[in-house]
Amino acid sequence: RFRAFLMRLWQQIAACFSLLLSAQSVLSQDPSFEPFDLAPYLQSLTSTSVLIVSQSKEERIARLEYGPTSAMELSLAEPAPAREHLFRLQPLEPGTQYFYRLSHGDEVVGVSEFTTLPSPGSAVTVAVLGDSGSGNTAQKAIAGLLEESAPMLLVHVGDLVYELGL
């Protein structure tokens, strides 16, 4: 049951992101909508694939360098300038860390990393927390447990804003 719950949760999160992207796509077709630079983000991560998406104010040719080492020995480039950039990486190895660097023209707009999901049927560790607090002793102990357990997915159910913005 817990696995089914996680799958439903993951599908709902993916649906929310898809809805946001659809709204952004519709707005970007409106001539009164001002395009903006959007740093790269991941979408549709699986055990063997991922989408890396970004947006640029002006039409640019995007280039993606990536690989399982920080040398990022693989690369892809768009065939023509565009404002909306999408790279589908596949096949990737399950449970593997990948590094990537995305450029719009000559400007590097993002350098990051991700880890593909484990193979289907593999164990997945999940942590769920809320009201993460302002750093008292108990909250720091929980943070230590989270760091020690290194969950693959962390779901924060809310209450992030405090008096000092922490």
Side-chain angles (χ1 to χ4, degrees), residues 1-25 36-55 62-76 84-104 108-166:
R1 280 193 304 174
F2 185 66
R3 180 181 219 146
F5 165 76
L6 287 178
M7 289 305 295
R8 284 193 310 273
L9 177 64
W10 189 251
Q11 289 168 346
Q12 289 173 349
I13 291 169
C16 288
F17 279 119
S18 292
L19 181 62
L20 288 172
L21 287 175
S22 296
Q24 176 188 343
S25 181
F36 56 93
D37 289 321
L38 184 63
Y41 60 94
L42 305 179
Q43 190 175 13
S44 302
L45 178 69
T46 72
S47 59
T48 59
S49 66
V50 68
L51 298 177
I52 299 180
V53 184
S54 69
Q55 179 178 304
R63 177 179 170 80
L64 180 72
E65 300 165 271
Y66 71 100
T69 69
S70 59
M72 296 179 256
E73 57 281 344
L74 303 169
S75 67
L76 299 169
E84 295 182 6
H85 312 284
L86 175 107
F87 291 96
R88 178 183 303 275
L89 304 184
Q90 65 182 27
L92 302 174
E93 291 296 318
T96 302
Q97 181 179 31
Y98 287 87
F99 300 84
Y100 70 92
R101 177 176 29 252
L102 183 67
S103 301
H104 293 162
V108 174
V109 295
V111 178
S112 194
E113 60 193 63
F114 64 89
T115 301
T116 53
L117 297 178
S119 298
S122 298
V124 175
T125 55
V126 178
V128 180
L129 75 141
D131 193 8
S132 49
S134 55
N136 67 33
T137 304
Q139 292 156 346
K140 287 180 182 178
I142 291 170
L145 289 172
L146 285 171
E147 185 175 25
E148 182 181 308
S149 65
M152 296 169 130
L153 174 65
L154 173 67
V155 178
H156 197 294
V157 296
D159 202 358
L160 295 167
V161 180
Y162 293 88
E163 185 177 308
L164 300 175
L166 302 174

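For the numbers below, each heavy atom of this structure counts, side chains included, while hydrogens, waters and symmetry mates do not.
Using a 4.5 Å heavy-atom cutoff, the side chains of L42 and I52 are in contact. At a threshold of 4.5 Å between non-hydrogen side-chain atoms, the residues Y100 and P40 count as touching.
The minimum heavy-atom distance between L64 and F87, with the atom names listed, is CD2-CB, 3.8 Å. When all heavy atoms of T116 and T46 are compared, the closest pair comes out as CB-O, 3.6 Å. Taking each heavy atom of H156 and G130 in turn, the nearest pair found is CE1-CA, 3.9 Å. The shortest non-hydrogen separation linking S47 to P118 is CB-O, 3.3 Å.
The backbone N or O of M152 sits less than 3.5 Å from a side-chain atom of T125, completing a donor-acceptor pair. Looking only at distances, no side-chain donor or acceptor of S119 sits under 3.5 Å from a matching main-chain atom of S122.
Distance CG/L89 to OG/S44: 12.0 Å, rounded to 0.5 Å. A distance of 10.5 Å separates CG in L102 from CG in L76, rounded to the nearest 0.5 Å. For the atom pair L117 CG and L45 CG, the distance stands at 4.5 Å (nearest 0.5 Å). Between atom CZ of residue R101 and atom OH of residue Y66 there is a gap of 14.0 Å, rounded to the nearest 0.5 Å.
Pairs passing the side chain to side chain donor-acceptor pair (under 3.5 Å) check and including a residue from residues 85-97, sequence neighbours excluded, read S56-H85, E78-H85, Q97-E113.
Residues that satisfy the ring pair (Phe, Tyr, Trp, His ring centres under 6.0 Å) test with Y98, not counting sequence neighbours, are F114. When the side chain to side chain contact (heavy atoms under 4.5 Å, CB included) test is applied to I142, the partners found at least two apart in sequence or on another chain are L146. Not a single salt bridge (charged side-chain N to carboxylate O under 4.0 Å, His left out) links R63 to another residue, sequence neighbours left out. Qualifying side chain to side chain donor-acceptor pair (under 3.5 Å) partners for S54, counting only residues two or more places apart in sequence or in other chains: H104. For T137, there are no side chain to side chain donor-acceptor pair (under 3.5 Å) partners two or more places apart in sequence or in a different chain.
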